[in-house]
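Reviewing the structure listed below.
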Amino acid sequence: MIYFDYAATCPLDDEAAIAYVKTATEYYGNSKSLHDVGSAANELLENCRKELAKLLHVEDNGIYFTSGGSESNYLAIMSLLSAKQKEGKHIITGLAEHSSVKGTFEKLESSGYEVTYLPFNQDGLIDLDNLRSHVKSDTVLISIQTVNPEIGSIQPIKEIGEICREEEILFHSDFVQGFGKVNLESPLEYLDSFSLSGHKIFGPKGIGAVYISPDIPWQPYYKNASHEKGLRPGTLNVPAIAAMTVAAQKCYTRLNQDAEHYRRLRKTFIKELQPISSKIILYDLPELLQLPSTLGMRIKGLEGQWVMLECNRVGYALSTGSACQSGMDTPSKTMKAMGVADKDAKEFIRISLGRDTSQEDVKGLAHALKNMVTM
Ligand SMILES: Cc1ncc(COP(=O)(O)O)c(C=O)c1O
């Protein structure tokens, strides 16, 4: 089986796996224990925090480890709302946010918040004028993903951040699909919080982190939470944190080289699909707006679910969109946010590339798709 679903999850990197085993066997203490075994684990933990902060160009006292991107999103949103800069109950977010963000806002709606869900423009981007037109005097929070998980569009984080600063609105971004993949040193400066996850960058599953600016005086969501300065309870998974940190160091070291690899693969794939270009719709943006490893497309008249199963039959693993939606037979959230009709949105498939994806692999997949069109 050739894997084209790296945006859903990645295999564990070999060096990250070694770090995991070494930490789990040699630094197994509870990082909160006061004896030397605990202190050794804690020292390693704090080194990881510092290293991640360095990679992200943020202060290490704003980094909190969590169980993954979903929990990070939840905790970030609840923490920011506990430290609102002004009175108000209005929130702005996007229509294509991950279920962990959407679910949090739906819950907040039932407790009296008003949430505006912004659509995308035809390129899969948040329209800044539209966003600005929805800002009200009682808007307290904006939450927009950095990179869309289905088509890889990179949102205008800096520009949204500027609006937030002008209007004294707190700004969270789900950075899960951008972490380790895009260099966002300067846009990240505009965020009050952002979330990341280990398993999208060849780290372990079930581990992640959230950055909350040390300037935000958040109140704990959980009562008496004993870890991570009261942000969350639960013994920290130091082995997974060490492995995620190793995976992240590797991603940032190879960022440009990997991006170039993905761009070449993408180019080949699109070129190979040329003979059926009239039958397909590709979501492909200019370089600065596009995560090169994620490619969304539709084959006119063919349901994505059918294409995915047919690809699986001939040895290719791809998806019909974000993993949290697969199996739900709902049209792609991103397509819906872009105004694509339900029937057409169901044609959506996502191809996501990894370090081991080869030119032969993408040519093979393109060949399989061409066969389906001419079947
Ligand atoms: C954009 C985005 N946010 C959040 C998540 C959730 O991350 P995790 O699986 O670590 O909870 C995902 C994973 O699918 C994602 O793609």
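Starting from 1, each residue takes its place in the sequence as its number. Whatever order the structure lists ligands and atoms in, that order sets their numbers, starting from 1.
Any N or O atom pair closer than 3.5 Å counts here, and Ser197 shares at least one such pair with ligand 1. For ligand 1, none of its N or O atoms has an N or O atom of Ala8 under 3.5 Å away. Residue-to-ligand polar distances keep Ser67 apart from ligand 1: every N/O pair is separated by 3.5 Å or more.
Ligand 1 does not have Lys205 within reach: every non-hydrogen atom of the residue lies 4.0 Å or more from it. Not a single heavy atom of Gln145 lies less than 4.0 angstrom from ligand 1.
Which parts of ligand 1 touch Gln177 is read off a 4.0 Å heavy-atom cut-off, strictly below it: atoms 1 (C), 15 (C), 16 (O). Close contacts between ligand 1 and Lys200 involve ligand atoms 12 (C), 13 (C), 14 (O), 16 (O) [criterion: under 4.0 Å to a heavy atom]. Atom numbering of ligand 1 starts at 1 in the shown order; those under 4.0 Å from a heavy atom of His199 are 8 (P), 9 (O), 10 (O).
In the model, Thr66 has a side-chain atom that pairs as donor or acceptor with a side-chain atom of Ser72 under 3.5 Å. Side chain to side chain, Tyr6 and Arg355 fail the donor-acceptor criterion of an N or O pair below 3.5 Å.
Between Glu228 and Arg232 there is no salt bridge, since no side-chain nitrogen of the basic residue lies less than 4.0 Å from a carboxylate oxygen of the acidic one. A salt bridge does not link Asp138 to Lys86: none of the charged nitrogens lies less than 4.0 Å from a carboxylate oxygen.
Ring planes of Tyr74 and Tyr221: perpendicular class, angle over 60° (limits at 30 and 60°).
Annotation: cation-pi pair Arg165/Tyr190 present, NZ/CZ under 6.0 Å from the ring centroid and within 45° of its normal.
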